[in-house]
Q: 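Mind having a look at this structure? Questions to follow.
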Amino acid sequence: MAETMKTSIKGGGFLLEEVEASDVFTPEEFTEEHRMIAKTTEDFVHGEVVPVIDRIENHEFDVSRELLTKAGELGLLGSDIPEKYEGLSLDKISSTLITEKFSPAGGFSLSHGAHVGIGTLPIVFFGNEEQKKKYLPDLASGRKIAAYALTEPSSGSDALGAKTTAVLNDEGTHYILNGEKQWITNSAFADVFVVYAQIDGEKFTAFIVEREYDGVSTGPEEKKMGIKGSSTRTLLLEDVKVPKEHVLGEIGRGHIIAFNILNIGRYKLGVGCLGGSKRAIELAASYATERKQFNTPIARFTTIQEKLGSMAAKTYALESSIYRTGGLFEEQLGGLTEEEQEDGSKIAKGIAEYAIECSLNKVYGSETLDFCTDEAVQIYGGYGFMAEYEVERAYRDSRINRIFEGTNEINRLLVPGTLIRKTMKGELPFLDKANGLQEELMSFMPEEPGDEPLAKEKYLLENAKKIFLMGTGSAMQKYGEKIEDEQELLLNTADIVSEIYNMEAAIARTEKAIGQHGVEKEAMKLLLTQVICEEGLQNIEADAKESLIHMEEGDNLRTMLSMLRKLTRRTPVNVIAAKRDIAERIIDKKKYEV
Amino acid sequence: MNIYVVMKRTFDTEEKVEINDGIIDEEGAEFVINPYDEYAIEEAIVLKEAHGGEITVVTVGNEDAEKELRTALAMGADQAVLLDTEDLDGEIDHYTISEMLSAFFQDKEYDIILGGNVAVDDGAGQVAPRLAEKLEINQLTTITKLDIDGESAYIERDVEGDVEIVEANLPLLVTCQQGLNEPRYPSLPGIMKAKKKPLETLDLDDLDLDEDDLEAKTRTVDRFLPPEKDAGKRLEGEPHEQVQELMSLLKNEAKVI
């Protein structure tokens, strides 16, 4: 695995080497089955869920439970569960598509997502044979619903600081759990909880806890700003006797499960945000064509076009980078033999490899969704503020995504943090590359890239990677381990890395599409990529400049800023014109279609 | 029971139709199983669940229609057949299609053939009735309820909003109307199984047909979209003034009175 992988497809490796388009999975490569699975999910959500969404929002959880059973009958709960345990063993692209297409279900998509994701996956990846046999068939069919209980009132971002305790009884047969888990999705109706507790106050361990056990109860339903259709309660554990066979994974190794499941959770959250962003564009584009002011559909005003163009560009960047990560996972996990699949440590390693990419998708996904729902409300004007319109709910539902599964701040910090850790462990040749670059930069002269499609974007991407190496290399040199105290620099670094990941995903996708259909037919993708790369480089330039000014001074600062200017020198793209063009196409289709 | 469904691939009902020089622009358009044919497929599956047997879905078209055939297989049909029109250079009409279908059915044993009431694209509703005539079997159109007992079928038909109850003997061809059933979604296990189910393509040679036998009986002269609706006109003033103006407009502008 990781040892023999080429650097460019290692987690974070894209920063150090040129990535070939052929190593990037793109949505244009969906198979016929992928499309059919997506359609079934879409039809189920629009046909069964959307008509009863008001009842779900109103906390009629028997409706949610019934819908989950129906989803189970269609196979929509079993994609990640092995066939051996009555699941479908589908590839990661299929389960990504299911998550994406569930988004218009609002809060219910959280019920579904928490069940198939953080609820079920700990058992799929880390359960032993007995546990899998006992729970997975029921979880695949929806006979039982799962929930995940990690957060506590006093431990959010600091998840390992959990206070819930587990003490082995005198007979040595059961652990006695005591504690309080907060904001547990699906808690009103879940049957199975994956609960984290400290054994002997120090061994962080995961347990499978059934709702039926004495001492398990839930608090009142929380009153939330959004995602009201999902159940959120406190899980109370009072002297709960949990059979010792219900320890999930190894004692004291609960963090391995927690962090890997969070990685997957973050990726899937990004996927859900992609579905939501597309929906926001669809709503906004339809409304803008119908709504007239000054005798003109507002879609004809370039102010509105600028909004739609920006929404589409961000969504294209997100979609390209989400499926890029999906492809990496599929490559990594789909390649495991059945035997290896049974081995939690192999799975954990596969998932951990792409921790950086998962965080990037989470942060960019949630911020894109916030941007798109915010602009959608703006396009709706006063009507967007009224509860009878879907965008009002979409706007409220969006906000939590920047907070849960690790706040965006924590996830940003994880990006450089993981890079540094990987470098220290010798997994990534970061320091070699950074040192090599210093000499190269001394003699660097900006070039004028050719006229062929994407030539400029590729050139910008290459320079963006140099800016990343230059800035991060200097920061490491200057601060060493103390870099941890310079959080603003770390956040800026994460943003630069994010832009690079998105630019590269968009370029690779568009390059593949042009290779297949020619520039003329893929004009939309080219426009979107041009906007993404131009704006991406502007953001990178601003972040890098701010960081350099904080880090350096005097001549050194002047030298580095001049280097930055050289690396960002380009003939800029006319973003206004490009966004008008993009918007025209979105308005014509009344939806996001590239 | 030998159950057959004749199916058509049509434009997605939500697609915006664009016409260039009398030809519908299919570039980038989404296609689906004709919604009425979905009722036929669903009813076939219900029949199979009650009586056992095998379901074959047949369509006339080109290889693009394989996608819709796979969807039918994913819903629960057992096998699919594509009658390929690739060898046909000229125009294809309902005559051509029903001739190809009847050639296919010549050597088949069938208890029931189900089709949609009409296709949502051209709305002709010709192919299934033509096929029944050609095969010389009973046919009932626009059915909303179907029960089969032995060799007899008990059927309710939608007759312009009223209901007609009919009994008929098998073999029988029926066309399905909205209200007959709720088509199921192809389940994920169904989708995965569909990959392995047989999908056969037959060309004119296989059907023992000659291109000349299939020449269309009709010629499409032109196609055009309905004219764009102009903005309405709001009449102003007191009610009696509005009435007067309306009268004058109806007389002088619309010239209807």
Side-chain angles (χ1 to χ4, degrees), chain A residues 30-49 70-81 83 86-91 94-95 97-98 101 116 140-142 282 285-286 289 292 295-297 517 520-524 585 587-591 593-594, chain B residues 9 11-18 20 25-33 35 38-39 41-42 45 49 57 63-77 80 82 178 181-197 199 228-234:
Chain A
F30 292 153
T31 63
E32 199 182 330
E33 283 76 33
H34 287 147
R35 292 176 203 281
M36 283 165 86
I37 287 169
K39 175 136 198 324
T40 286
T41 313
E42 226 167 17
D43 288 349
F44 172 75
V45 168
H46 289 289
E48 309 294 319
V49 185
K70 275 194 193 170
E73 284 164 10
L74 285 174
L76 294 171
L77 306 181
S79 62
D80 288 324
I81 297 177
E83 278 181 278
E86 298 176 31
L88 292 167
S89 297
L90 295 182
D91 61 288
S94 296
S95 51
L97 275 166
I98 294 172
K101 300 298 176 191
V116 299
S141 67
E282 190 176 343
S286 306
T289 359
K292 283 187 185 168
N295 283 326
T296 311
H517 303 118
E520 217 165 284
K521 285 203 169 151
E522 300 294 359
M524 176 71 156
R585 289 160 201 258
I587 291 162
D588 182 49
K589 296 278 181 189
K590 295 206 187 80
K591 63 180 173 191
E593 195 180 288
V594 296
Chain B
R9 169 183 194 257
F11 244 63
D12 190 329
T13 43
E14 285 171 22
E15 282 290 329
K16 189 172 140 196
V17 178
E18 276 186 49
N20 301 320
D25 185 6
E26 297 189 347
E27 181 76 32
E30 286 288 322
F31 283 83
V32 293
I33 295 176
E38 275 191 340
Y39 301 131
I41 296 166
E42 174 63 30
I45 300 167
E49 282 167 355
V57 179
E63 61 177 5
D64 292 337
E66 284 181 14
K67 180 180 147 254
E68 284 68 34
L69 288 174
R70 285 278 172 221
T71 304
L73 293 172
M75 285 173 76
L82 169 65
Q178 192 174 9
N181 54 41
E182 270 302 318
R184 66 195 64 194
Y185 307 108
S187 73
L188 272 49
I191 291 169
M192 301 319 283
K193 273 186 222 148
K195 261 202 289 203
K196 296 171 197 130
K197 289 181 179 175
L199 193 162
E228 288 241 6
K229 233 174 120 184
D230 288 336
K233 193 170 200 169
R234 185 191 288 267

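Lettering follows sequence order; numbering is per chain, from 1.
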Q: Taking side chain to side chain contact (heavy atoms under 4.5 Å, CB included) as the definition, give me every residue that meets it alongside Leu88(A), ordered by chain and number, with sequence neighbours left out.
A: Leu90(A), Leu188(B), Pro189(B)

Q: How far does CE of Met36(A) sit from CZ of Arg70(B), to the nearest 0.5 angstrom?
A: 8.5 Å

Q: Got a sec, which residues hit side chain to side chain contact (heavy atoms under 4.5 Å, CB included) with Glu282(A), two or more places apart in sequence or on another chain?
A: Arg279(A), Lys591(A)

Q: Is Glu33(A) in contact with chain B via its backbone, its side chain, both, or neither, using a 4.5 Å heavy-atom distance?
A: both

Q: Counting only heavy atoms closer than 4.5 Å, note whether Lys521(A) contacts chain B via side chain, backbone, both or neither.
A: side chain

Q: Look at atom CD of Glu14(B) and say whether more than 12 heavy atoms of other residues, nucleotides or ligands are closer to it than 6.0 Å.
A: no

Q: Name the region of Glu66(B), side chain, backbone, both or neither, that has any atom closer than 4.5 Å to a heavy atom of chain A.
A: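 Contact with chain A is through the backbone of Glu66(B) alone.
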
Q: Atom OG of Ser89(A) and atom CE of Met192(B): how far apart are they, to the nearest 0.5 Å?
A: 9.5 Å

Q: Which value, rounded to the nearest 0.5 Å, describes the distance between Arg184(B) atom CZ and Thr40(A) atom OG1?
A: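 If we round to the nearest 0.5 Å, Arg184(B):CZ and Thr40(A):OG1 are 12.5 Å apart.
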
Q: If I compare all heavy atoms of Glu73(A) with all of Ser187(B), which pair ends up nearest, and what's the gap?
A: O-CB, 4.3 Å

Q: If you draw a 6.0 Å radius around CD in Gln178(B), do more than 12 non-hydrogen atoms from other residues or ligands fall strictly inside?
A: no

Q: Do Lys39(A) and Tyr185(B) touch side chain to side chain, with heavy atoms closer than 4.5 Å?
A: no

